[in-house]
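Report on the following structure.
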Amino acid sequence: MGLKETLQADLTEAIRSRDELTSGTIRMILAAIQVEEVAGKEARTLKDDEIIKVLSREAKKRREAADAYKDAGRADKAEQETKEGSVIL
């Protein structure tokens, strides 16, 4: 089973257990993967190493957003971004 299939199975499990943080984060990750797959001249299926790059990019976005929220004094939003980042990793 590939990484994308594992993510989809994890999403199904998170939905069944009513874990909104995990299911929302995995949905965002799968959307980012899908955007990457259809970018360019023709659609393609990403390999596991390319999916890992997308995951790394998404985790970096969450870290940067958490730092920006902390600097702006929005601890609640910073905590949310940090939790999403931990789900990605």
Side-chain angles (χ1 to χ4, degrees):
M1 180 172 0
L3 194 52
K4 187 174 178 181
E5 291 81 16
T6 303
L7 285 170
Q8 290 170 336
D10 290 345
L11 175 61
T12 302
E13 183 60 34
I15 291 170
R16 286 186 182 149
S17 66
R18 299 188 187 275
D19 185 352
E20 293 181 17
L21 173 69
T22 303
S23 63
T25 304
I26 293 175
R27 280 187 176 122
M28 284 190 284
I29 292 168
L30 289 172
I33 291 170
Q34 187 174 14
V35 166
E36 191 72 24
E37 286 178 337
V38 298
K41 295 184 179 182
E42 63 182 61
R44 60 192 174 95
T45 303
L46 295 182
K47 297 179 181 136
D48 283 351
D49 60 332
E50 294 170 316
I51 292 175
I52 291 172
K53 289 179 185 177
V54 172
L55 291 172
S56 298
R57 187 169 51 235
E58 292 298 312
K60 181 180 177 189
K61 285 180 188 178
R62 299 303 178 279
R63 284 192 305 273
E64 290 174 351
D67 290 341
Y69 282 130
K70 284 178 190 173
D71 292 342
R74 297 289 309 265
D76 56 329
K77 291 285 192 178
E79 182 181 349
Q80 179 70 19
E81 293 291 335
T82 303
K83 286 180 181 178
E84 287 178 4
S86 67
V87 170
I88 294 172
L89 299 176

| said: Does Gln34 have more than 12 heavy atoms from other residues, nucleotides or ligands lying within 6.0 Å of its CD? | reply: no
For residues 68-82, tabulate all N or O donor-acceptor pairs below 3.5 Å that involve a side-chain atom, not counting sequence neighbours.
unit_1 : atom_1 : unit_2 : atom_2 : d
Glu79  : OE2    : Lys83  : NZ     : 3.3
Gln80  : NE2    : Glu84  : OE2    : 3.4
Thr82  : OG1    : Ala78  : O      : 2.8

| Taking all non-hydrogen atoms of both residues, which atom of Ala14 and which atom of Thr22 are closest, and how far apart? | CB-CG2, 3.8 Å
| field | Separation of Lys41 NZ from Arg44 CZ (nearest 0.5 Å) | value | 13.5 Å
| For the residue pair Leu11 and Ser23, what are the closest heavy atoms and their distance? | CD1-O, 3.5 Å
| query | In terms of side-chain geometry, is the basic nitrogen of Arg57 or Glu36 positioned less than 4.0 Å from the acidic oxygen of its partner? | reply | yes
| query | Rounded to the nearest 0.5 Å, how far does CG of Leu7 lie from CD1 of Ile51? | reply | 7.0 Å
| Rounded to the nearest 0.5 Å, how far apart are CG of Leu89 and CZ of Arg62? | 11.0 Å
| query | Counting heavy atoms not belonging to Glu5, are there more than 12 under 6.0 Å from its CD? | reply | yes
| field | Partner residues of Glu37 under the side-chain contact (heavy atoms from CB on, under 4.5 Å) criterion, sequence neighbours left out | value | Lys4, Ile33, Thr45, Leu46
| query | CG/Asp48 to CG/Leu3 distance, rounded to the nearest 0.5 angstrom? | reply | 5.0 Å
| Can you get from Ile52 to Met28 by hopping between Ile, Leu, Val, Met, Phe, Trp and Tyr side chains that sit under 4.5 Å apart? | no
| remark: All heavy atoms of Ile29 vs all of Ile88, minimum pair found to be CD1-CG1, 3.5 Å
| task | Check the pair Glu58 / Lys61 against salt bridge (Lys or Arg N to Asp or Glu O under 4.0 Å), numbers first and verdict last. | result | CA-CA 5 Å; Glu58 292 298 312; Lys61 285 180 188 178; 3.2 Å; yes
